[in-house]
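Presented below is the structure to which this report refers.
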Amino acid sequence: MHLIKRGRILRKSAAVRQMVSETTLQPSDFIAPLFIIEGEKVQEEIISMPGYFRRSLDLTIDEVKHLHSIGIPSVLLFIKCPDHLKNKKGSEAINPDGLMQRAVKEIKNAVPEMCVMTDVALDPYNSDGHDGLVENGEILNDETVEVLSAMSLSHAKAGADFVAPSDMMDGRIAAIRKAFEENNFNRTGILSYSAKYASCFYGPFRDALDSAPGFGDKKTYQMDYANRIEAVKETLMDIEEGADIVMVKPALSYLDIIREVKNQVSVPVAAYQVSGEYSMIKAAAERGWLNEDKAILETTTSIKRAGADLIASYFAKDIVGLIS
Ligand code: PBG
């Protein structure tokens, strides 16, 4: 053979492969999600997420200190609302002394350098288990947006660096931005879950927070996984309304969406490697069917290659170990 081009030359040794590698992971690419519960010195493993925990605030603070020390710049907080505080209105969501608000204050006090982001949606607080208020089986939009902007404002007051609305209601980014502007919170950012799909891969997360919908599904607000163009429309709307960072969720089944969005916007794009993506890798690794470390690196690298500037992942801590 007398070939003119030989692609294997650029793959011939580890040195050459490193030289031409197009995608590199860094600790600063990652956002670490954290599940917080009431109590002291409590750490509970989530059954469907082996190796991942719900922790009381004191232990969460230790974890945040550790994450900071290994170079993870950001955490995304979720709280498990005690059952007796759940109601139709999700009113605990806006309690200034609620677990989320206390968590933000104490974490920012303990590790001021950490970028603290908060989940904004009503599902953990709402007795209906939906991201919005429910009336006669309908998920209300405009009434929900009012609560979400009050909730966002309470997180901003507690010291959150970013709020992360994950509810997919119409007009919530504009409402949150307006609430921030009117109350002089002009340094609080909005990371919008702009293209969030109605996905089966959230299953383990709903176990973690006991937040599964009480009836029906989330298809009237989260997107149909058959759709691509709609993701771009939703994302551009959120940017128009004032989103600072946009997000695609889940990640691995939506790499085409991440790329599509990345090609069309000029704000940072995040992707969320969700609970089910974590659990699939863990389960296969437990059975010896996949090499866990390699699966973590391959999936997260492919998410970044697809166009994600930031990756929210339950593997954030593991990755730092794997790439250093
Ligand atoms: C709440 C919310 C969910 C997730 C993040 N925020 C669950 C849902 O929409 O049902 C899922 C995260 C994960 O699965 O890791 N709105």
Side-chain angles (χ1 to χ4, degrees), residues 33 35-38 44 46-49 52 54 76-95 98-100 118-152 154-155 163-173 175-176 192-227 230-231 234 238 247-250 253-254 272 274-280 314:
F35 299 123
I36 308 173
I37 49 175
E38 292 285 4
E44 303 169 352
I46 299 154
I47 292 170
S48 52
M49 298 180 74
Y52 221 77
R54 286 180 286 256
L76 176 57
L77 308 185
F78 297 93
I79 67 106
K80 184 169 188 287
C81 181
D83 276 343
H84 70 276
L85 295 176
K86 294 188 185 189
N87 59 28
K88 289 285 290 176
K89 297 196 155 152
S91 46
E92 182 62 12
I94 55 175
N95 177 359
L99 180 55
M100 178 65 96
T118 57
D119 186 65
V120 171
L122 294 181
D123 48 333
Y125 304 94
N126 181 323
S127 43
D128 292 300
H130 275 284
D131 293 24
L133 301 173
V134 177
E135 201 178 272
N136 302 324
E138 287 274 328
I139 319 304
L140 303 176
N141 193 86
D142 301 10
E143 294 80 352
T144 298
V145 168
E146 267 180 50
V147 184
L148 295 176
S149 53
M151 181 180 181
S152 299
S154 81
H155 294 180
V163 294
S166 65
D167 56 288
M168 290 298 280
M169 298 298 134
D170 291 330
R172 88 271 208 224
I173 303 301
I176 293 169
S192 171
Y193 289 67
S194 318
K196 175 169 177 179
Y197 286 87
S199 169
C200 75
F201 292 106
Y202 309 147
F205 172 96
R206 293 175 189 171
D207 291 345
L209 296 188
D210 184 23
S211 63
F215 68 90
D217 52 39
K218 298 192 174 184
K219 289 181 182 168
T220 69
Y221 45 108
Q222 299 179 350
M223 285 176 39
D224 181 349
Y225 54 71
N227 294 356
E230 190 183 9
E234 288 285 346
D238 283 1
M247 185 149 76
V248 176
K249 176 183 177 189
S253 296
Y254 300 85
Y272 200 141
V274 299
S275 57
E277 299 179 63
Y278 173 90
S279 303
M280 280 197 297
Y314 303 100

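Remember, predicted model here, so these are calculated numbers, not experimental data. What you see below is based on every heavy atom in this structure, not just the backbone, and it leaves out hydrogens, waters and symmetry mates.
Under the 3.5 Å distance criterion, the side-chain polar atoms of Tyr197 are matched with a main-chain donor or acceptor of Asn227. Judged purely by atom type and a 3.5 angstrom limit, Ser279 uses its side chain to pair as donor or acceptor with the backbone of Ser48. Under the 3.5 Å distance criterion, the side-chain polar atoms of Arg54 are matched with a main-chain donor or acceptor of Ala208. No side-chain donor-acceptor contact under 3.5 Å links Asn136 to the backbone of Glu138. Within the 3.5 Å criterion, the main-chain N or O of Leu209 finds no donor-acceptor partner in the side chain of Ser211. A distance-only check finds no donor-acceptor pair linking the side chain of Asp142 to the backbone of Glu146 [under 3.5 Å]. Judged by distance alone, the side chain of Asn126 and the main-chain N or O of Gly132 form a donor-acceptor pair under 3.5 Å. Proximity of a side-chain donor or acceptor of Glu277 to a complementary backbone N or O of Val274 within less than 3.5 Å is detected.
Both tests pass for Lys249 against the ring of Tyr202: distance under 6.0 Å to the centre and angle within 45° of the axis.
Side-chain contact between Tyr193 and Gln222: absent, with no pair of heavy atoms (C-beta onward) separated by less than 4.5 Å. Using a 4.5 Å cut-off on side-chain heavy atoms (C-beta onward), Pro33 and Phe78 make contact. Side-chain contact between Val120 and Thr118: present, with at least one pair of heavy atoms (C-beta onward) separated by less than 4.5 Å. Contact annotation: the side chain of Lys196 never approaches that of Tyr221 to less than 4.5 Å [non-hydrogen atoms, C-beta and beyond]. Side-chain contact between Lys219 and Asp224 is absent, with no heavy-atom pair separated by less than 4.5 Å. In this structure, Met168 and Glu234 have side chains that are in contact, with non-hydrogen atoms separated by less than 4.5 Å. In this structure, Thr144 and His130 have side chains that are not in contact, with every pair of non-hydrogen atoms separated by 4.5 Å or more.
A salt bridge does not link Asp128 with Lys86: none of the charged nitrogens is closer than 4.0 Å to a carboxylate oxygen. Remark: Lys218 engages Asp131 in a salt bridge, criterion side-chain N to carboxylate O under 4.0 Å.
Annotation for Glu143: atom CD counts as buried by contact number, over 12 foreign heavy atoms lying within 6.0 Å. Within 6.0 Å of NZ on Lys80 lie more than 12 heavy atoms contributed by other residues, nucleotides or ligands.
Under the 6.0 Å cut-off for aromatic ring centres, Tyr314 and Phe35 qualify, their centroids lying closer than that.
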